[in-house]
2 protein chains.
Amino acid sequence: MAWLARSFGRPDYAPLTGADLEILIGSAELISKYPGTHLFREGDPALAAFLVESGDVEIYRGTGSTRRVVSRVGSGSVLGDIAMFGDGPYISSAQAVDRVRVFRFDKDKLLPELAKHPAICLRWLVAGLRQLEATQRRVIHLMHKTVLSQVADLLGEEADAKGEVRLSQITIATLLGVSRQSVNEALGRLRKQGAVETGYRQIRVTDPDRLETIATS
Amino acid sequence: MAWLARSFGRPDYAPLTGADLEILIGSAELISKYPGTHLFREGDPALAAFLVESGDVEIYRGTGSTRRVVSRVGSGSVLGDIAMFGDGPYISSAQAVDRVRVFRFDKDKLLPELAKHPAICLRWLVAGLRQLEATQRRVIHLMHKTVLSQVADLLGEEADAKGEVRLSQITIATLLGVSRQSVNEALGRLRKQGAVETGYRQIRVTDPDRLETIATS
DNA sequence: GGAAGAACGTCGTCGTGGCGACGGTTGATT
DNA sequence: AATCAACCGTCGCCACGACGACGTTCTTCC
(Lines give C-alpha, C1' and ligand atoms only; values in the text may rest on other atoms or scores of the structure.)
Protein backbone atom coordinates (compact mmCIF):
# COMPACT_ATOMS: atom_id res chain seq x y z
CA MET A 1 0.00 0.00 0.00
CA ALA A 2 2.62 2.51 0.96
CA TRP A 3 5.02 2.61 -1.95
CA LEU A 4 5.74 6.10 -0.91
CA ALA A 5 6.92 4.76 2.38
CA ARG A 6 9.84 6.91 3.17
CA SER A 7 8.51 9.80 1.18
CA PHE A 8 5.61 9.98 3.55
CA GLY A 9 7.76 9.96 6.61
CA ARG A 10 10.16 12.34 4.91
CA PRO A 11 13.14 11.63 7.12
CA ASP A 12 15.21 14.09 5.12
CA TYR A 13 12.64 16.79 5.40
CA ALA A 14 14.21 19.41 7.63
CA PRO A 15 13.03 22.91 6.85
CA LEU A 16 14.38 24.40 10.05
CA THR A 17 18.00 25.27 10.75
CA GLY A 18 19.49 25.95 14.14
CA ALA A 19 19.20 29.70 13.66
CA ASP A 20 15.54 29.40 12.70
CA LEU A 21 14.92 27.33 15.75
CA GLU A 22 16.35 29.97 18.01
CA ILE A 23 13.96 32.50 16.63
CA LEU A 24 11.02 30.17 16.89
CA ILE A 25 11.92 28.83 20.30
CA GLY A 26 9.45 31.16 21.92
CA SER A 27 6.51 29.65 20.10
CA ALA A 28 7.70 26.09 20.65
CA GLU A 29 7.47 23.81 23.62
CA LEU A 30 9.90 21.01 24.27
CA ILE A 31 7.91 18.02 25.40
CA SER A 32 8.78 14.46 26.27
CA LYS A 33 6.86 11.34 25.37
CA TYR A 34 7.04 7.84 26.77
CA PRO A 35 7.32 4.84 24.45
CA GLY A 36 3.97 3.91 22.99
CA THR A 37 2.31 7.26 23.51
CA HIS A 38 0.98 9.26 20.60
CA LEU A 39 2.09 12.63 19.30
CA PHE A 40 -1.09 12.79 17.31
CA ARG A 41 -3.63 10.48 15.75
CA GLU A 42 -5.00 10.23 12.27
CA GLY A 43 -8.19 12.27 11.99
CA ASP A 44 -7.50 14.59 14.92
CA PRO A 45 -7.65 18.29 14.10
CA ALA A 46 -4.12 19.40 13.29
CA LEU A 47 -3.36 22.04 15.89
CA ALA A 48 0.40 21.64 15.97
CA ALA A 49 3.48 20.53 14.06
CA PHE A 50 6.38 18.68 15.65
CA LEU A 51 10.13 18.69 15.29
CA VAL A 52 11.86 15.58 16.62
CA GLU A 53 14.75 16.45 18.91
CA SER A 54 15.75 12.94 19.93
CA GLY A 55 14.32 9.44 19.74
CA ASP A 56 12.40 7.67 17.01
CA VAL A 57 8.80 8.14 16.00
CA GLU A 58 6.71 5.69 14.04
CA ILE A 59 4.31 6.99 11.41
CA TYR A 60 1.36 4.81 10.51
CA ARG A 61 -1.99 5.00 8.84
CA GLY A 62 -5.14 3.11 9.61
CA THR A 63 -6.04 1.30 12.81
CA GLY A 64 -6.52 -2.24 13.98
CA SER A 65 -6.17 -4.72 11.15
CA THR A 66 -5.57 -2.01 8.57
CA ARG A 67 -2.75 -0.46 10.59
CA ARG A 68 0.24 0.03 8.34
CA VAL A 69 3.53 1.43 9.42
CA VAL A 70 4.49 4.00 6.87
CA SER A 71 7.79 5.16 8.19
CA ARG A 72 10.03 5.61 11.17
CA VAL A 73 11.70 8.98 11.56
CA GLY A 74 14.30 10.30 13.91
CA SER A 75 15.98 13.46 15.03
CA GLY A 76 15.53 16.51 12.79
CA SER A 77 12.35 15.38 11.11
CA VAL A 78 9.26 17.54 10.99
CA LEU A 79 5.84 15.96 11.46
CA GLY A 80 2.32 17.10 10.94
CA ASP A 81 3.07 20.35 9.15
CA ILE A 82 1.15 19.41 6.02
CA ALA A 83 -2.02 18.87 7.98
CA MET A 84 -1.45 21.92 10.18
CA PHE A 85 -0.89 24.35 7.36
CA GLY A 86 -3.62 22.76 5.30
CA ASP A 87 -6.31 23.26 7.94
CA GLY A 88 -7.28 19.61 7.73
CA PRO A 89 -7.05 16.74 10.19
CA TYR A 90 -3.84 14.75 10.53
CA ILE A 91 -3.49 12.27 7.70
CA SER A 92 -1.52 9.75 9.72
CA SER A 93 -0.75 8.84 13.31
CA ALA A 94 2.58 9.35 15.07
CA GLN A 95 3.63 7.17 17.96
CA ALA A 96 6.82 7.27 20.04
CA VAL A 97 8.83 4.05 19.84
CA ASP A 98 11.26 4.93 22.59
CA ARG A 99 11.80 7.87 24.91
CA VAL A 100 11.25 10.81 22.59
CA ARG A 101 11.78 14.54 22.93
CA VAL A 102 10.04 16.81 20.45
CA PHE A 103 9.38 20.49 19.94
CA ARG A 104 5.74 21.20 19.60
CA PHE A 105 4.77 24.23 17.50
CA ASP A 106 1.22 25.23 18.26
CA LYS A 107 -0.53 26.53 15.22
CA ASP A 108 -1.89 29.72 16.75
CA LYS A 109 1.50 30.63 18.11
CA LEU A 110 3.50 29.59 15.09
CA LEU A 111 1.55 31.34 12.36
CA PRO A 112 1.99 34.89 13.74
CA GLU A 113 5.66 34.16 14.26
CA LEU A 114 6.08 32.97 10.70
CA ALA A 115 4.37 36.13 9.52
CA LYS A 116 7.05 38.10 11.31
CA HIS A 117 9.90 36.10 9.84
CA PRO A 118 9.30 35.63 6.14
CA ALA A 119 12.74 34.12 5.66
CA ILE A 120 11.81 31.09 7.72
CA CYS A 121 8.51 30.90 5.97
CA LEU A 122 10.31 30.94 2.66
CA ARG A 123 12.69 28.22 3.77
CA TRP A 124 9.78 26.06 4.82
CA LEU A 125 8.20 26.67 1.43
CA VAL A 126 11.36 25.67 -0.39
CA ALA A 127 11.74 22.51 1.67
CA GLY A 128 8.12 21.61 0.98
CA LEU A 129 8.34 22.13 -2.74
CA ARG A 130 11.61 20.27 -2.95
CA GLN A 131 9.93 17.40 -1.20
CA LEU A 132 7.06 17.55 -3.65
CA GLU A 133 9.43 17.30 -6.55
CA ALA A 134 11.47 14.51 -4.96
CA THR A 135 8.31 12.54 -4.30
CA GLN A 136 7.19 12.84 -7.90
CA ARG A 137 10.59 11.87 -9.21
CA ARG A 138 10.93 8.96 -6.81
CA VAL A 139 7.52 7.58 -7.59
CA ILE A 140 8.32 7.63 -11.27
CA HIS A 141 11.52 5.80 -10.58
CA LEU A 142 10.06 3.15 -8.35
CA MET A 143 6.80 2.64 -9.97
CA HIS A 144 6.92 0.10 -12.71
CA LYS A 145 10.17 -1.35 -11.53
CA THR A 146 10.49 -4.96 -10.60
CA VAL A 147 10.28 -6.03 -6.98
CA LEU A 148 13.92 -7.04 -7.17
CA SER A 149 15.16 -3.52 -7.86
CA GLN A 150 12.73 -2.02 -5.37
CA VAL A 151 14.10 -4.25 -2.65
CA ALA A 152 17.67 -3.49 -3.68
CA ASP A 153 16.90 0.21 -3.60
CA LEU A 154 15.33 0.02 -0.16
CA LEU A 155 18.18 -2.00 1.30
CA GLY A 156 20.68 0.48 -0.08
CA GLU A 157 18.91 3.35 1.64
CA GLU A 158 17.98 1.63 4.86
CA ALA A 159 21.34 0.04 5.61
CA ASP A 160 23.21 1.50 8.54
CA ALA A 161 26.96 2.11 8.75
CA LYS A 162 27.69 -1.60 9.21
CA GLY A 163 25.52 -2.46 6.23
CA GLU A 164 22.84 -4.02 8.38
CA VAL A 165 19.09 -3.75 8.00
CA ARG A 166 16.91 -4.99 10.82
CA LEU A 167 13.57 -5.44 9.16
CA SER A 168 11.40 -8.47 8.77
CA GLN A 169 10.41 -9.49 5.26
CA ILE A 170 6.83 -8.63 6.10
CA THR A 171 7.83 -5.10 7.04
CA ILE A 172 9.78 -4.67 3.84
CA ALA A 173 6.87 -6.01 1.86
CA THR A 174 4.54 -3.52 3.53
CA LEU A 175 6.87 -0.62 2.95
CA LEU A 176 7.12 -1.43 -0.75
CA GLY A 177 3.51 -2.45 -1.16
CA VAL A 178 4.34 -5.92 -2.43
CA SER A 179 3.73 -9.40 -1.05
CA ARG A 180 6.02 -11.05 1.44
CA GLN A 181 6.62 -13.93 -0.92
CA SER A 182 7.94 -11.63 -3.61
CA VAL A 183 10.30 -9.99 -1.15
CA ASN A 184 11.51 -13.42 -0.11
CA GLU A 185 12.19 -14.38 -3.69
CA ALA A 186 14.02 -11.11 -4.35
CA LEU A 187 16.17 -11.56 -1.26
CA GLY A 188 16.93 -15.08 -2.39
CA ARG A 189 18.22 -13.80 -5.69
CA LEU A 190 20.26 -11.08 -4.05
CA ARG A 191 21.75 -13.69 -1.76
CA LYS A 192 22.59 -15.95 -4.68
CA GLN A 193 24.35 -13.06 -6.37
CA GLY A 194 26.37 -12.41 -3.25
CA ALA A 195 25.03 -8.94 -2.66
CA VAL A 196 23.53 -9.66 0.76
CA GLU A 197 23.40 -12.20 3.55
CA THR A 198 20.08 -12.88 5.22
CA GLY A 199 19.12 -13.97 8.69
CA TYR A 200 16.24 -13.83 11.09
CA ARG A 201 14.82 -10.33 10.96
CA GLN A 202 18.11 -9.06 9.66
CA ILE A 203 19.93 -8.50 6.37
CA ARG A 204 23.56 -7.64 5.86
CA VAL A 205 24.63 -5.80 2.74
CA THR A 206 27.93 -7.29 1.63
CA ASP A 207 28.23 -5.67 -1.79
CA PRO A 208 26.70 -2.18 -1.91
CA ASP A 209 27.89 -1.52 -5.46
CA ARG A 210 26.23 -4.58 -6.86
CA LEU A 211 23.11 -3.63 -4.93
CA GLU A 212 23.17 -0.19 -6.47
CA THR A 213 23.54 -1.68 -9.94
CA ILE A 214 20.55 -3.93 -9.42
CA ALA A 215 18.49 -1.10 -7.94
CA THR A 216 18.87 1.02 -11.06
CA SER A 217 18.51 -2.09 -13.24
CA MET B 1 5.88 6.70 -17.77
CA ALA B 2 3.96 9.63 -16.42
CA TRP B 3 1.49 8.12 -14.05
CA LEU B 4 1.57 11.35 -12.20
CA ALA B 5 0.36 13.03 -15.31
CA ARG B 6 -1.95 15.64 -14.07
CA SER B 7 -0.25 15.90 -10.75
CA PHE B 8 2.82 17.16 -12.49
CA GLY B 9 0.96 19.79 -14.39
CA ARG B 10 -0.96 20.66 -11.26
CA PRO B 11 -3.85 22.37 -12.99
CA ASP B 12 -5.52 23.07 -9.68
CA TYR B 13 -2.42 24.54 -8.17
CA ALA B 14 -3.23 28.20 -7.70
CA PRO B 15 -1.42 29.75 -4.76
CA LEU B 16 -2.13 33.30 -5.80
CA THR B 17 -5.40 35.16 -5.33
CA GLY B 18 -6.42 38.33 -7.05
CA ALA B 19 -5.37 40.42 -4.08
CA ASP B 20 -1.96 38.81 -3.96
CA LEU B 21 -1.53 39.44 -7.62
CA GLU B 22 -2.16 43.14 -7.18
CA ILE B 23 0.59 43.34 -4.63
CA LEU B 24 2.97 41.35 -6.74
CA ILE B 25 2.11 43.07 -9.99
CA GLY B 26 5.17 45.22 -9.68
CA SER B 27 7.53 42.29 -9.77
CA ALA B 28 5.67 40.56 -12.56
CA GLU B 29 5.67 41.12 -16.26
CA LEU B 30 2.76 40.22 -18.50
CA ILE B 31 4.18 38.63 -21.59
CA SER B 32 2.64 37.06 -24.66
CA LYS B 33 3.78 33.93 -26.46
CA TYR B 34 2.97 32.65 -29.92
CA PRO B 35 1.85 29.06 -30.42
CA GLY B 36 4.79 26.69 -30.41
CA THR B 37 7.17 28.93 -28.50
CA HIS B 38 8.62 27.89 -25.19
CA LEU B 39 8.15 29.45 -21.78
CA PHE B 40 11.11 27.44 -20.59
CA ARG B 41 12.95 24.26 -21.41
CA GLU B 42 13.94 21.31 -19.28
CA GLY B 43 17.43 21.80 -17.95
CA ASP B 44 17.50 25.60 -18.23
CA PRO B 45 18.38 27.44 -15.04
CA ALA B 46 15.11 28.34 -13.36
CA LEU B 47 15.15 32.11 -13.19
CA ALA B 48 11.42 32.70 -13.18
CA ALA B 49 8.03 31.23 -12.37
CA PHE B 50 4.95 31.74 -14.51
CA LEU B 51 1.27 32.29 -13.91
CA VAL B 52 -0.95 31.52 -16.87
CA GLU B 53 -3.37 34.35 -17.60
CA SER B 54 -4.99 32.97 -20.72
CA GLY B 55 -4.38 30.20 -23.22
CA ASP B 56 -3.12 26.68 -22.80
CA VAL B 57 0.38 25.50 -22.09
CA GLU B 58 1.73 22.02 -22.71
CA ILE B 59 4.09 20.48 -20.17
CA TYR B 60 6.42 17.78 -21.39
CA ARG B 61 9.58 16.02 -20.42
CA GLY B 62 12.32 14.63 -22.61
CA THR B 63 13.06 15.54 -26.20
CA GLY B 64 12.89 13.88 -29.58
CA SER B 65 11.78 10.29 -29.34
CA THR B 66 11.54 10.38 -25.56
CA ARG B 67 9.30 13.45 -25.60
CA ARG B 68 6.29 12.81 -23.42
CA VAL B 69 3.49 15.21 -22.85
CA VAL B 70 2.87 15.28 -19.17
CA SER B 71 0.01 17.70 -18.93
CA ARG B 72 -1.78 20.61 -20.45
CA VAL B 73 -2.65 23.46 -18.16
CA GLY B 74 -4.67 26.59 -18.58
CA SER B 75 -5.55 29.85 -16.93
CA GLY B 76 -4.68 30.15 -13.24
CA SER B 77 -1.96 27.54 -13.18
CA VAL B 78 1.50 28.24 -11.85
CA LEU B 79 4.53 26.82 -13.62
CA GLY B 80 8.17 26.49 -12.76
CA ASP B 81 7.98 27.52 -9.13
CA ILE B 82 9.36 24.27 -7.82
CA ALA B 83 12.51 24.64 -9.86
CA MET B 84 12.79 28.36 -9.16
CA PHE B 85 12.50 28.09 -5.38
CA GLY B 86 14.63 24.98 -5.37
CA ASP B 87 17.58 26.65 -7.09
CA GLY B 88 17.75 23.87 -9.66
CA PRO B 89 17.10 23.73 -13.38
CA TYR B 90 13.60 23.33 -14.75
CA ILE B 91 12.48 19.73 -14.54
CA SER B 92 10.20 19.91 -17.55
CA SER B 93 9.58 22.03 -20.61
CA ALA B 94 6.60 24.33 -21.15
CA GLN B 95 5.38 25.18 -24.63
CA ALA B 96 2.49 27.40 -25.68
CA VAL B 97 -0.15 25.54 -27.66
CA ASP B 98 -2.10 28.60 -28.71
CA ARG B 99 -1.80 32.31 -28.14
CA VAL B 100 -0.85 32.51 -24.51
CA ARG B 101 -0.54 35.34 -22.02
CA VAL B 102 1.42 34.71 -18.85
CA PHE B 103 2.77 36.67 -15.91
CA ARG B 104 6.46 36.13 -15.52
CA PHE B 105 7.85 36.44 -11.99
CA ASP B 106 11.59 36.92 -12.13
CA LYS B 107 13.28 35.25 -9.25
CA ASP B 108 15.43 38.17 -8.16
CA LYS B 109 12.45 40.48 -8.14
CA LEU B 110 10.01 38.05 -6.60
CA LEU B 111 12.03 36.86 -3.63
CA PRO B 112 12.47 40.31 -2.02
CA GLU B 113 8.80 40.97 -2.58
CA LEU B 114 7.81 37.72 -0.90
CA ALA B 115 10.05 38.64 2.03
CA LYS B 116 8.03 41.82 2.41
CA HIS B 117 4.70 40.02 2.29
CA PRO B 118 4.85 36.94 4.47
CA ALA B 119 1.14 36.34 4.05
CA ILE B 120 1.59 35.60 0.38
CA CYS B 121 4.60 33.49 1.15
CA LEU B 122 2.57 31.53 3.63
CA ARG B 123 -0.21 31.04 1.14
CA TRP B 124 2.25 29.72 -1.40
CA LEU B 125 3.61 27.37 1.25
CA VAL B 126 0.18 26.07 2.10
CA ALA B 127 -0.66 25.54 -1.55
CA GLY B 128 2.60 23.69 -2.07
CA LEU B 129 2.17 21.40 0.91
CA ARG B 130 -1.42 20.73 0.00
CA GLN B 131 -0.25 19.71 -3.43
CA LEU B 132 2.37 17.45 -1.89
CA GLU B 133 -0.24 15.70 0.17
CA ALA B 134 -2.66 15.43 -2.74
CA THR B 135 0.04 13.91 -4.91
CA GLN B 136 0.89 11.31 -2.31
CA ARG B 137 -2.73 10.47 -1.75
CA ARG B 138 -3.46 10.33 -5.45
CA VAL B 139 -0.54 8.11 -6.26
CA ILE B 140 -1.60 5.69 -3.56
CA HIS B 141 -5.07 5.67 -4.99
CA LEU B 142 -4.09 5.16 -8.57
CA MET B 143 -1.17 2.93 -8.16
CA HIS B 144 -2.20 -0.64 -7.80
CA LYS B 145 -5.59 -0.05 -9.28
CA THR B 146 -6.72 -1.80 -12.37
CA VAL B 147 -6.41 -0.09 -15.72
CA LEU B 148 -10.19 -0.01 -15.91
CA SER B 149 -10.57 2.21 -12.86
CA GLN B 150 -7.64 4.37 -13.87
CA VAL B 151 -9.24 5.04 -17.22
CA ALA B 152 -12.60 5.71 -15.60
CA ASP B 153 -10.95 8.13 -13.19
CA LEU B 154 -9.14 9.98 -15.93
CA LEU B 155 -12.27 10.28 -18.08
CA GLY B 156 -14.19 11.64 -15.13
CA GLU B 157 -11.63 14.36 -14.56
CA GLU B 158 -10.85 15.17 -18.15
CA ALA B 159 -14.40 15.40 -19.43
CA ASP B 160 -15.59 18.90 -20.34
CA ALA B 161 -19.02 20.36 -19.68
CA LYS B 162 -20.59 18.31 -22.46
CA GLY B 163 -18.98 15.15 -21.15
CA GLU B 164 -16.59 14.93 -24.07
CA VAL B 165 -12.95 13.94 -23.99
CA ARG B 166 -10.88 14.51 -27.09
CA LEU B 167 -7.91 12.26 -26.57
CA SER B 168 -6.61 9.37 -28.60
CA GLN B 169 -6.24 6.02 -26.90
CA ILE B 170 -2.49 6.33 -27.29
CA THR B 171 -2.51 9.64 -25.44
CA ILE B 172 -4.58 8.19 -22.62
CA ALA B 173 -2.27 5.21 -22.44
CA THR B 174 0.75 7.50 -22.18
CA LEU B 175 -0.84 9.63 -19.50
CA LEU B 176 -1.61 6.59 -17.40
CA GLY B 177 1.56 4.73 -18.19
CA VAL B 178 -0.21 1.68 -19.55
CA SER B 179 -0.38 0.09 -22.99
CA ARG B 180 -2.75 1.22 -25.69
CA GLN B 181 -4.28 -2.24 -25.90
CA SER B 182 -5.23 -2.17 -22.24
CA VAL B 183 -6.86 1.23 -22.65
CA ASN B 184 -8.76 -0.11 -25.62
CA GLU B 185 -10.00 -3.06 -23.64
CA ALA B 186 -11.02 -0.85 -20.72
CA LEU B 187 -12.92 1.51 -23.03
CA GLY B 188 -14.60 -1.49 -24.55
CA ARG B 189 -15.88 -2.59 -21.18
CA LEU B 190 -17.01 0.92 -20.26
CA ARG B 191 -18.86 1.07 -23.55
CA LYS B 192 -20.51 -2.29 -22.93
CA GLN B 193 -21.67 -1.05 -19.53
CA GLY B 194 -23.18 2.03 -21.09
CA ALA B 195 -20.94 4.49 -19.27
CA VAL B 196 -19.38 6.00 -22.38
CA GLU B 197 -19.61 6.15 -26.16
CA THR B 198 -16.42 6.02 -28.16
CA GLY B 199 -15.41 7.44 -31.50
CA TYR B 200 -12.38 8.46 -33.43
CA ARG B 201 -10.14 10.44 -31.08
CA GLN B 202 -13.13 11.22 -28.94
CA ILE B 203 -15.06 9.77 -26.02
CA ARG B 204 -18.43 10.87 -24.67
CA VAL B 205 -19.29 10.25 -21.05
CA THR B 206 -22.94 9.26 -20.93
CA ASP B 207 -23.14 8.09 -17.32
CA PRO B 208 -20.84 10.02 -15.01
CA ASP B 209 -22.16 8.31 -11.89
CA ARG B 210 -21.42 4.86 -13.17
CA LEU B 211 -17.98 6.08 -14.21
CA GLU B 212 -17.38 7.38 -10.73
CA THR B 213 -18.41 4.07 -9.24
CA ILE B 214 -16.03 2.17 -11.45
CA ALA B 215 -13.22 4.62 -10.78
CA THR B 216 -13.37 4.02 -7.05
CA SER B 217 -14.00 0.28 -7.63
C1' DG C 1 -11.40 10.98 -55.46
C1' DG C 2 -7.33 8.51 -54.22
C1' DA C 3 -3.31 7.63 -51.40
C1' DA C 4 -0.89 7.86 -47.10
C1' DG C 5 -0.96 7.96 -42.38
C1' DA C 6 -3.04 7.73 -38.05
C1' DA C 7 -6.10 5.57 -34.93
C1' DC C 8 -8.99 1.63 -33.62
C1' DG C 9 -10.28 -3.39 -32.57
C1' DT C 10 -8.71 -7.88 -31.52
C1' DC C 11 -5.87 -12.00 -30.85
C1' DG C 12 -2.27 -14.93 -28.73
C1' DT C 13 1.83 -15.29 -25.90
C1' DC C 14 4.48 -14.43 -21.93
C1' DG C 15 6.35 -12.41 -17.58
C1' DT C 16 5.45 -10.50 -13.17
C1' DG C 17 3.52 -10.68 -9.02
C1' DG C 18 -0.57 -11.62 -5.70
C1' DC C 19 -2.55 -15.21 -2.83
C1' DG C 20 -3.22 -19.45 -0.23
C1' DA C 21 -0.96 -23.13 1.85
C1' DC C 22 2.29 -25.72 4.56
C1' DG C 23 6.36 -27.14 6.94
C1' DG C 24 10.68 -25.76 9.10
C1' DT C 25 13.26 -22.34 11.98
C1' DT C 26 14.20 -18.75 15.30
C1' DG C 27 13.28 -16.05 19.36
C1' DA C 28 10.71 -15.00 23.51
C1' DT C 29 8.24 -16.20 27.65
C1' DT C 30 7.58 -18.57 31.75
C1' DA D 1 13.28 -26.85 29.34
C1' DA D 2 8.96 -26.49 27.23
C1' DT D 3 5.84 -23.94 24.66
C1' DC D 4 4.14 -20.65 21.55
C1' DA D 5 4.22 -16.99 18.31
C1' DA D 6 6.48 -14.88 14.81
C1' DC D 7 9.24 -15.39 10.88
C1' DC D 8 11.39 -17.72 6.82
C1' DG D 9 11.51 -20.68 2.57
C1' DT D 10 9.02 -22.69 -1.07
C1' DC D 11 5.32 -24.45 -4.09
C1' DG D 12 1.32 -24.06 -7.26
C1' DC D 13 -2.32 -21.46 -9.25
C1' DC D 14 -4.22 -17.50 -11.27
C1' DA D 15 -5.14 -12.56 -12.79
C1' DC D 16 -3.50 -8.57 -14.86
C1' DG D 17 -1.24 -6.30 -18.17
C1' DA D 18 2.81 -5.67 -21.63
C1' DC D 19 4.10 -6.65 -26.26
C1' DG D 20 3.97 -8.01 -31.04
C1' DA D 21 1.08 -8.71 -34.89
C1' DC D 22 -2.47 -7.89 -38.21
C1' DG D 23 -6.55 -6.19 -40.39
C1' DT D 24 -9.93 -2.41 -40.50
C1' DT D 25 -11.64 2.24 -40.33
C1' DC D 26 -11.32 7.12 -40.21
C1' DT D 27 -8.72 11.74 -41.58
C1' DT D 28 -6.18 14.46 -44.12
C1' DC D 29 -3.83 16.17 -47.84
C1' DC D 30 -2.74 16.09 -52.45
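Fair warning: this is a prediction, and the values are worked out from it, not measured in the lab. Every chain is numbered from 1, with letters handed out A, B, ... down the list of sequences.
- Closest approach of B:Lys107 and B:Met84 over heavy atoms only: NZ-O, 3.2 Å.
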(message) Generate the contact string for nucleotides 18-30 of chain D. Rules: B means base contact, S means sugar-phosphate contact only, - means no protein heavy atom under 4.0 Å.
(response) SBBB----BS---

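- The phosphate of D:dC7 has neither OP1 nor OP2 within less than 4.0 Å of any side-chain N or O from A:Thr171.
- Residues B:Val147 and B:Leu176 form no side-chain contact, since every pair of their non-hydrogen atoms from C-beta on lies 4.5 Å or further apart.
- Near-neighbour residues of DNA chain D inside residues 184-197 of chain A, defined by a heavy atom below 4.0 Å, number-ordered: A:Asn184, A:Arg191.
- End-to-end axis angle of the helix from C:dG1-D:dC30 to C:dT30-D:dA1, from C1' rotation axes over five pairs per end: 40° (rounded to 10 degrees).
- Read 5' to 3', the first and last nucleotides of DNA chain C with an atom closer than 4.0 Å to a heavy atom of chain A are C:dG17 to C:dG27.
- In this structure, the CZ atom of A:Arg166 is 14 Å from the P atom of D:dC7, given to the nearest Å.
- Judged by distance alone, the side chains of B:Ser168 and B:Thr171 do bring a donor and an acceptor atom under 3.5 Å apart.
- In this structure the side chain of A:Leu148 reaches within 4.5 angstrom of the side chain of A:Leu190, judged on heavy atoms.
- Counting only residues at least two apart or on different chains, the salt bridge (Lys or Arg N to Asp or Glu O under 4.0 Å) pairs with a member in residues 208-217 of chain B are B:Asp207-B:Arg210.
- What you find for A:Ala46 and A:Gly88 is that their closest heavy atoms are CB-O, 3.3 Å.
- The two atoms that bring B:Ile172 and B:Leu167 nearest to each other are CG1-CB, 3.9 Å, heavy atoms only.
- B:Arg166 meets the side chain to side chain donor-acceptor pair (under 3.5 Å) test with B:Glu164, B:Gln202; sequence neighbours excluded.
- Residues A:Val102 and A:Phe50 come closest through the heavy atom pair CG2-CD2, 4.0 Å.
- Between B:Tyr90 and B:Phe40, the ring-plane angle classifies as parallel under the 30° and 60° cut-offs.
- OP1 or OP2 of D:dG9 sits under 4.0 Å from a side-chain N or O of A:Gln169.
- Under a 3.5 Å cut-off, the side chain of B:Ser92 and the backbone N or O of B:Glu42 do not form any donor-acceptor pair.
- A side-chain N or O of B:Ser182 and one of B:Ser179 form a donor-acceptor pair less than 3.5 Å apart.
- For the pair B:Glu29/B:Phe103, no side-chain contact is recorded, criterion being any heavy-atom separation below 4.5 Å from C-beta on.
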